[in-house]
Every structure is written in C-alpha cells, then in structure tokens.
Amino acid sequence: MLQRRLEMAKAMLESPMDIPIKVIAMECGFSDQSHLTRLFKNKFSTTPNRYRNKTKLTKFC
C-alpha cells in the first residue's frame, strides 16, 4: 500500500499542474508534508521538491 501511495505522489509531482506538495501528501494518504518527504526520500533518495524540479528540467530540455 505504501508503495502505491509513493508512486501516486511521484506521478502527481510530474504533473505540469504544479500541485502544492502538502496537497499531494494529503491526496495520497500521508499525514502531512513531512511524512511524505521522509518516506519519499527513503524510497527515491531525493526529496519531493528536488524530484519535481529535476523532472521539470528533464522535460524542458
């Protein structure tokens, strides 16, 4: 279940809509933004914000 929630958050971070991370955390079932950030960093070795920024740069180039 946790894997699905993290993958959902990852997909939402890739969205061009620029959804606030705290909203993504709530939509994906995390208790707050720091909870998402901690688990996301453990799984993907980066923070949600850094992942979003890297994704934007990759899509732009």
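Worth saying up front: this structure is predicted, and the values here are computed from it rather than measured.
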Asks: Report the residues that fulfil side chain to side chain contact (heavy atoms under 4.5 Å, CB included) with N49, sequence neighbours left out, ordered by chain and then residue number.
Replies: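 Listed in chain order: I21, T47, N53.
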
Asks: Who else is in M1's hydrophobic cluster (ILVMFWY, side-chain heavy atoms under 4.5 Å, direct or via others)?
Replies: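 The other cluster members (ILVMFWY side chains, heavy atoms under 4.5 Å, direct or chained): none.
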
Asks: Write out all pairs satisfying salt bridge (Lys or Arg N to Asp or Glu O under 4.0 Å) with one or both partners inside residues 17-35, taking only residues at least two apart or from two chains.
Replies: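 Every pair satisfying salt bridge (Lys or Arg N to Asp or Glu O under 4.0 Å) with a residue in residues 17-35: D18-R52, D18-K56.
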
Asks: Going by salt bridge (Lys or Arg N to Asp or Glu O under 4.0 Å), name the pairs with one or both residues in residues 38-47, residues two or more places apart or in two chains.
Replies: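 Every pair satisfying salt bridge (Lys or Arg N to Asp or Glu O under 4.0 Å) with a residue in residues 38-47: there are none.
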
Asks: Side-chain heavy atoms under 4.5 Å apart, restricted to Ile/Leu/Val/Met/Phe/Trp/Tyr: what other residues fall into the cluster of M26, or is it alone?
Replies: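 For M26, no cluster forms, as it stays isolated from other hydrophobic side chains.
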
Asks: According to side-chain hydrogen bond (donor to acceptor under 3.5 Å, both in side chains), who are the partners of S31, at least two apart in sequence or on a separate chain?
Replies: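 Only H35 meet the side-chain hydrogen bond (donor to acceptor under 3.5 Å, both in side chains) criterion with S31.
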
Asks: With rounding to the nearest 0.5 angstrom, report the CG to CD distance, L39 to Q3.
Replies: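 Taking CG in L39 and CD in Q3, the distance rounds to 11.5 Å.
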
Asks: If you measure from CE on M12 to CD1 on I19, what distance do you get to the nearest 0.5 Å?
Replies: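 So the gap between those two atoms works out to 4.0 Å.
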
Asks: Within this structure, what is the OH-OG1 distance for the pair Y51 and T46, rounded to the nearest 0.5 Å?
Replies: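 Answer rounded to 0.5 Å: 9.5 Å.
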
Asks: Give, for atom SG of C28 and atom CD of E7, the distance between the pair rounded to the nearest 0.5 Å.
Replies: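 Interatomic distance, C28 SG to E7 CD, rounded to 0.5 Å: 10.5 Å.
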
Asks: Out of curiosity, L13 CG to I24 CD1, how far, rounded to the nearest 0.5 Å?
Replies: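 Nearest 0.5 Å value for the CG-CD1 distance: 4.0 Å.
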
